[in-house]
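This report concerns only the one structure given below.
We count residues from 1, following the sequence as given. Hydrogens, waters and symmetry mates play no part in the numbers below; they use all other heavy atoms, side chains included.
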Amino acid sequence: GAGGCTQSAPASYINYRMPTCGLENCPKETELLQYENRWSGCGRWRYGRNRPDLQLNNWRYNRSDYSWVESFDTKVTLVTTAVTDVQDGTFNSLAISGAMEACNDKGRCCLEIDVPHNTPRDYMCELEMSAQDSNLTIAVGFDHAAAGYQAARCNLDRRFAVVDVGYQSFPEGNIEGIVFEEAQGGYLAGIIAGMVARKGVYKRVGIVQGGSAPPVKRTVTGFSNAVAEKCSECEEVLVESCDDLHNLDNCGVIAAKKLLAIGVDVLFGAGGQTGSQAILYAAAPQGSEVRGERLQCPSEGGAVKHQMLTKEEQAVYVVGMGADEFNTTFVQGHLAGSNMVLTSAMKRTDQAVKMTIANFLGGMASGRNYHMNVANEGVAYAPCHLSCFINGGPVTNDITAEAQRVRALMTTDEFDHRVGQAGQCLRGPGLGCPSTSNNSNKQKILVGVTLSVSIFAVLLMGFVITMIVKERHNEPMFSSLEEGGSEPAVSIAMSEIPNVQTQSSQEFEPRTNPMLSD
């Protein structure tokens, strides 16, 4: 896969280490942030001078005539992941959407969005700075795990939440971890992919994986487990991995081209822009122009680079991740290849952030890990849109019904997707699962031994009981010849033995041994 960014930093960051507490060793916030914005709920510009001569339709704006007036009861600051495009429709932009829905002027809630400019080691300073004038600070992404915990420990009178992180302890109960059951969404999307691939040409599914963080691995493993279960005739799922989520060096498209060259019926793009660019390319019609897109490293300016690519391979069906990528990556079906989008394994960071803010405003925030899953709509699978059977696509009513059946079982914890917290497969079938052949043989041997021991125990018990009963009735199981057992229990007539001739006692004539004759 492609390498990550080579981080560069201003002179004030050289040899910089995360402070224990306080802002004394932190750089200025302007050096930390790539982007900062406050929304309408934070206040308004008010005209501050008496100007009766102003005419409604004939005046020139003068900033000095106005002053900013804050008018809110609660302030929430959302700190996104560094090196991200907040308008790409995926993880961070979904979080912003949820925050805007929950915190606005209707509830007298001021929302500030901060996009860090540099590396995760700078998150601690930004979170502490945000907490100085915020009632609730929400950090988006697992890179904030350590910084979020330390910021909460250093600011016990403020509330914090970190998306995609689960904690084992909570300083004074002022921080919440928000964790997802990504494997559920991956499994539901995998059901659809597997059942479509079962009727495909290659009987093969491929995955372009961006990064190896546990949330991505849980999604991928859940997806591959479902494919293996729903398409037993399919080959093992193929995976091409990239080192990051940002499609550096166009890794997502390069990985997709490798899988297309091998031949796949469905391609799953898992992980940020890496996955999104992979499915955008894979779904495009042969011969069409596809815009390749990647985010520059901070050392390059942090901008988005574009590159037009000509699609050389046949289009294949694709599955998205995070948002409903039919609406985001494929712009609500306006881009070429939209009809090839089967579904998306949805991770609703918008729903998570919205519920976190609602809990805080409702006085229900506490130190805990808040779990987002199918039951509370934190995890889902997207509709088939143009790939539905009614629109000429391969997703039939039977396929949708099976996904719905499994989803219903998941809501009541009656379904096992066989994925561990680290993203490992616990049991087969599926990619990277423990070997089932050896386990199966061992189980068969164990069952055989157990059955034999059980039968022997039952026979032995029956024998003992019979012996006890007979002894009580003075009918011993065994008797010696001295005790009167002179006749055998069974006699066999010579006539019953084949090839043996018998004679009556009257016909029997003894023979004389010639050696003893006179």
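- Test K257, E312, R291, K311 against Y281 for side-chain hydrogen bond (donor to acceptor under 3.5 Å, both in side chains) and you get one pass: K257.
- Residues P116 and Y123 have side chains in contact (heavy-atom distance under 4.5 Å, counting atoms from C-beta outward).
- Within the structure, side chain to side chain donor-acceptor pair (under 3.5 Å) pairs that include any residue of residues 378-391 comprise D324-H385, Y381-Q404 (at least two apart or interchain).
- Taking the salt bridge (charged side-chain N to carboxylate O under 4.0 Å, His left out) definition, one finds that R204 meets it with E235, sequence neighbours left out.
- In this structure, H144 and L127 have side chains that are in contact, with non-hydrogen atoms separated by less than 4.5 Å.
- A donor and an acceptor atom, one from each side chain of S134 and T77, are located under 3.5 Å apart.
- Qualifying ring-ring contact (aromatic ring centres under 6.0 Å, His included) partners for F160, counting only residues two or more places apart in sequence or in other chains: none.
- You'll find the side chain of P215 stays beyond 4.5 Å of the side chain of F180, heavy atoms only.
- Looking at V266 and V319, their side chains come closer than 4.5 Å, going by heavy atoms from C-beta outward.
- Looking at residues two or more places apart in sequence or on another chain, you find no ring-ring contact (aromatic ring centres under 6.0 Å, His included) involving Y202.
- Closest heavy-atom contact between L260 and A282: CD1-CA, 4.2 Å.
- Residues in residues 360-380 take part in these side chain to side chain donor-acceptor pair (under 3.5 Å) pairs, two or more places apart or across chains: E176-R368.
- Atoms OG1 and CG, from T80 and L78 in turn, are 7.0 Å apart once rounded to the nearest 0.5 Å.
- Between A283 and A315, the closest heavy-atom pair is O-CB, 3.4 Å.
- With a 4.5 Å cut-off on side-chain heavy atoms, V140 and T349 do not count as touching.
- Closest non-hydrogen pair, C231 versus A197, comes out as SG-C, 4.2 Å.
- A pairwise comparison of heavy atoms in A323 and T328 identifies CB-CG2, 3.9 Å as the closest pair.
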Solution key, residues 331-338 side-chain donor-acceptor pairs under 3.5 Å, sequence neighbours excluded:
unit_1: S338; atom_1: OG; unit_2: G333; atom_2: O; d: 3.4
unit_1: S338; atom_1: OG; unit_2: L335; atom_2: O; d: 2.5

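- Residues Q132 and N155 form a side-chain contact, since some pair of their non-hydrogen atoms from C-beta on lies under 4.5 Å apart.
- With hydrogens and angles disregarded, no donor-acceptor distance shorter than 3.5 Å links the side chain of S276 to the backbone of T329.
- In this structure Q168 satisfies the side chain to side chain contact (heavy atoms under 4.5 Å, CB included) test with no other residue, sequence neighbours excluded.
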Which pairs of donor and acceptor atoms, one on a side chain in residues 188-196, lie under 3.5 Å apart (sequence neighbours left out)?
none

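- In terms of heavy-atom proximity, G148 sits nearest to V162 at CA-CG2, 4.1 Å.
- Contact of the K258 side chain with the I254 side chain is registered, since non-hydrogen atoms from C-beta on lie closer than 4.5 Å.
- Between the SG atom of C384 and the CG atom of N339 there is a distance of 12.5 Å, given to the nearest 0.5 Å.
- For K230, the salt bridge (charged side-chain N to carboxylate O under 4.0 Å, His left out) test picks out E402, with sequence neighbours left out.
- In this structure, CD in E101 is found 12.0 Å from CG in L111, a value given to the nearest 0.5 Å.
- Residues meeting the ring-ring contact (aromatic ring centres under 6.0 Å, His included) test with Y167, sequence neighbours left out: Y149.
- Applying the salt bridge (charged side-chain N to carboxylate O under 4.0 Å, His left out) test to every pair with at least one member in residues 161-174, sequence neighbours left out, gives these pairs: D164-K347.
- The number of heavy-atom neighbours closer than 6.0 Å to CG of N397, taken from other residues, nucleotides and ligands shown, is 12 or below.
- Side-chain contact between V79 and T137: present, with at least one pair of heavy atoms (C-beta onward) separated by less than 4.5 Å.
- Considering every non-hydrogen atom in both V253 and N247, the closest pair reads N-OD1, 4.0 Å.
- Remark: C103 SG to C110 SG, distance not under 2.5 Å.
- For K75, the side-chain hydrogen bond (donor to acceptor under 3.5 Å, both in side chains) criterion is met by E112, D133, not counting sequence neighbours.
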